[in-house]
Amino acid sequence: MRFRSIRRLLVAAICSLLSVLTHAAPIVDDPDGKTMIAKAQQVIAAFHTGAPASNAKLRVVYFHPSDRDPLPQYEERLDRVLTDVSEFYRDGLRRFGIASEGLPLEKKDGRLVLHMVKGKLPASGYRYESGNATAAEIREALRGSVDMDREHVLVLYGLCRKEPDGRYVFDAPYYGGGSQRAGLCHAADCELLDPSLLTDTTGKIVYTEHYYPRVEQTIAKFNSMYLGGIAHELGHGLGLPHDAGSVAEKTFGISLMGSGNLTYRQERWGGGPPAFLPRASALQFASHPFVTGTDQGRWDSPGGKFESLRFAADGRTLNVRGTVDGKIPVYGVIGYVVPTTEKTDHRARTYPALAPDGGFELALVDLRPGQYHLNLAALHVNGATSAHKLQFTVGADGVPKVDQLNDLWITQRAEGAVMRREAIAGSFLTAEAIAEAHTPDVQRKLKTLRDVLNPPTPTDLRSSDAHEVFLSDAAWKSAKVGWGEVARNHFWFDRRFRTASFSPWQDSSTRKASTRIPPPSLFMIWTKSGKHSVPPSD
């Protein structure tokens, strides 16, 4: 027994020493990222120069059910929690040379302001999926004091309960989303949630939550996961997508917007590599109102559009060269790459680059054979983003199949121009442009688009000697559809569809995925549901 006690003391001493040593070691510097973001800041600053200072604050809401009081010491603990998360973002931005005091927390007399909302239902009435319902309750309860449509709001839930067996149960919303305009994210509170407990490697916690029926871990590990969850979901609420970091950042640690939500501050207790704010996230966040300190252009539509894209293979590297423009200037472009076999984009590898005068180049390296999603995000100086989605394949030899990508781009470019009724649409559908396509199928699609833009004369079946005629090519005596308007060989579309925006894949948060539906493509749905009557053939 005496030997075991000595061994426990020795292990505890070693863990404490590791904690001190790892806590003292800063995250590795990133001079290349720092240089990139310094140049981006010059463009961003020029746009915001002279704009009045913004009073934007992060609003924090504490939500508890009707049959329970807030959790013990919630005010003091959550002040420490948000201060720690703010300092994480502060240090992450400073690492890239961005002057920052952290997140603009709402404080009074030096303490975090918590907007209290008592739910209408008992605890049994709320679950992980209750985010929409609680948001509606919060909107009603805080009407006039918190603007859910124009502010960034973090909701912390006092829904954690402790069972007689000592097990904690979490059944609260835990996800987030937003943009530079506004955002909403949800996270769970617990009486053991406290950054001061990040070095408690001897105390244990057992809990059940949405994804894990039973977890037993140290209080230090628990705080890494749940403090990291708040920091991660807050990133989504501020508009940051999933970002596993670039290839060059592999040795720096684990990206907060990748899997770093599970490893937050773990270096303090010797748990492994630190979580860090990666280049791409910092490059995008540099134009957020919380960083620029102004609302210049904050609610303006960026009107961004990729004007040109060209793909080439240099051995196993996929080179992307293009131009992007918008009503609001663009300062950078990020390429997000995810294997199509992944269910979510948590592991999105990022390739950030500057876009001086709208031109950019990306070199996508470290690609293995397989199929990938490629999301190109243009970064605007008002904090907004514009996206374009493609897919590509890397062959068994490791070489990207660029002909497929170039064909997909010329098809999407022409389709978008036709749907938006752009004057330039015809130039994408000339005989020369169609001949550039590498496959007959793509050439067929472009010819169909040309016919949408300049419809040919319908075939008169009474005078035609053809053995077969597509019904949609025939001269109709009458034609009608149950919705929209009759269209030949394409899906009818109006202004709502032409201007719709869409996410390149499931927009997943740490713990919940939400799907945005893309606008209909001309090649997704063909108008065959209508009733058509034609003159009888001779």
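Counting from 1, the numbers follow the sequence of the chain as shown. Computed from a prediction, not measured in an experiment: that's the story for all the values here.
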Closest heavy-atom pair and its distance - [X], [Y]:
X	Y	answer
E137	L121	OE2-CG, 4.5 Å
I254	Q266	CD1-NE2, 4.5 Å
G92	F96	O-CD1, 3.2 Å
L82	L58	CD1-CD2, 4.2 Å
T201	A220	CG2-CB, 4.0 Å
C160	Y168	SG-CD2, 3.5 Å

Exercise. Does the pair Y336 and D345 meet the rule for a side chain to side chain donor-acceptor pair (under 3.5 Å), with working shown?
Worked result: CA-CA 9 Å; Y336 296 83; D345 57 349; over 6 Å; no
Measure the [atom1]-[atom2] distance between [X] and [Y] for me, rounded to the nearest 0.5 Å.
X	Y	atom1	atom2	result
R77	E191	CZ	CD	7.5 Å
D200	L192	CG	CG	9.0 Å
L277	L283	CG	CG	11.0 Å
L376	K389	CG	NZ	12.5 Å
S66	K118	OG	NZ	6.5 Å
K221	L262	NZ	CG	6.0 Å

Residues in side-chain contact (heavy atoms from CB on, under 4.5 Å) contact with [X], at least two apart in sequence or another chain:
X	answer
A244	none
T393	Q371, K401, Q404
S386	P302, A378, H380
D109	none

Exercise. Using 30° and 60° as the class limits, which term best fits the ring planes of H232 and H236: parallel, tilted or perpendicular?
Worked result: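 Plane angle over 60°, so perpendicular.
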Beyond-backbone contact of [X] with [Y], side-chain heavy atoms, under 4.5 angstrom:
X	Y	value
M148	R59	no
L156	V61	no
I334	T385	no
M36	P352	yes
L318	V337	no
I98	I37	yes
V365	R316	no
P400	L405	no

Which residues pass the side chain to side chain donor-acceptor pair (under 3.5 Å) test with [X], sequence neighbours left out?
X	result
Q42	none
Q41	none
T294	H48
D194	R80, S196

For this session: Check step by step if side chain to side chain donor-acceptor pair (under 3.5 Å) holds for S255 and D243.
Result: CA-CA 7 Å; S255 167; D243 170 7; 4.6 Å; no
For this session: Indicate yes or no for a side-chain donor-acceptor contact from R90 to the backbone of E101 under 3.5 Å, with no hydrogens or angles considered.
Result: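 No; zero donor-acceptor contacts below 3.5 Å.
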Exercise. Is it true that a side-chain atom of T317 and a backbone atom of L364 form a donor plus acceptor pair closer than 3.5 Å?
Worked result: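 It does not hold such a pair.
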Exercise. So, D189 versus Y74: side-chain donor-acceptor pair below 3.5 Å or not?
Worked result: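 There is no such pair (donor and acceptor under 3.5 Å, judged by atom type) between the side chains of D189 and Y74.
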Exercise. Is there a side chain to side chain donor-acceptor pair (under 3.5 Å) between S287 and Y331 once you walk through the steps?
Worked result: CA-CA 9 Å; S287 59; Y331 67 92; 2.9 Å; yes
Exercise. Crowded around R127 CZ? As in, over 12 foreign heavy atoms under 6.0 Å?
Worked result: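 No, CZ of R127 has 12 or fewer neighbouring heavy atoms, counting only those of other groups under 6.0 Å.
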For this session: Count the heavy atoms belonging to other residues, nucleotides or ligands that lie under 6.0 Å from NZ of K107, then report whether that count exceeds 12.
Result: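 Yes - once you tally the heavy atoms of other residues, nucleotides and ligands closer than 6.0 Å, there are more than 12.
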Exercise. Please walk me through it: do V28 and F276 pass side chain to side chain contact (heavy atoms under 4.5 Å, CB included)?
Worked result: CA-CA 10 Å; V28 178; F276 72 100; over 6 Å; no
Exercise. Which pairs count as ring-ring contact (aromatic ring centres under 6.0 Å, His included) when at least one residue sits in residues 244-265, sequence neighbours excluded?
Worked result: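 Qualifying pairs: F88-Y264.
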So that I know where these two stand, are [X] and [Y] an aromatic pair - ring centroids less than 6.0 Å apart?
X	Y	value
F360	Y351	no
Y207	Y226	yes
F290	H152	yes

For this session: Just jot down the ring-ring contact (aromatic ring centres under 6.0 Å, His included) partners of Y157, sequence neighbours excluded, or say none.
Result: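 By the ring-ring contact (aromatic ring centres under 6.0 Å, His included) rule, Y157 matches F63, H186.
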Exercise. Which residue pairs pass the side chain to side chain donor-acceptor pair (under 3.5 Å) test when at least one of the two sits in residues 28-40, sequence neighbours left out?
Worked result: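 As it turns out, the side chain to side chain donor-acceptor pair (under 3.5 Å) pairs with a partner in residues 28-40, which skip direct neighbours, are D30-R279.
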Problem set entry | Presence of salt bridge, R161 and D171, under 4.0 angstrom |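 No, no charged N to carboxylate O under 4.0 Å.
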Problem set entry | Residues W269, T218; criterion side chain to side chain donor-acceptor pair (under 3.5 Å); working and verdict | CA-CA 10 Å; W269 52 271; T218 66; over 6 Å; no
For this session: Step by step, work out the side chain to side chain contact (heavy atoms under 4.5 Å, CB included) result for L71 and L193.
Result: CA-CA 10 Å; L71 298 177; L193 182 71; over 6 Å; no
Problem set entry | Any pair counted as salt bridge (charged side-chain N to carboxylate O under 4.0 Å, His left out), so long as it reaches residues 331-342, sequence neighbours left out |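 Every salt bridge (charged side-chain N to carboxylate O under 4.0 Å, His left out) pair that includes a residue of residues 331-342, provided the two are not neighbours, is E342-R347.
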For this session: Could you walk me through whether C190 and F170 pass side chain to side chain contact (heavy atoms under 4.5 Å, CB included), step by step?
Result: CA-CA 9 Å; C190 174; F170 300 97; 3.6 Å; yes
Exercise. Taking V206 as the fixed residue, which of Q217, E163, R167 is the one that meets the side-chain contact (heavy atoms from CB on, under 4.5 Å) rule?
Worked result: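 Of the listed residues Q217, E163, R167, the side-chain contact (heavy atoms from CB on, under 4.5 Å) partner of V206 is R167.
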Problem set entry | side chain to side chain contact (heavy atoms under 4.5 Å, CB included) between M257 and Q284, worked out | CA-CA 12 Å; M257 298 311 294; Q284 178 179 337; over 6 Å; no
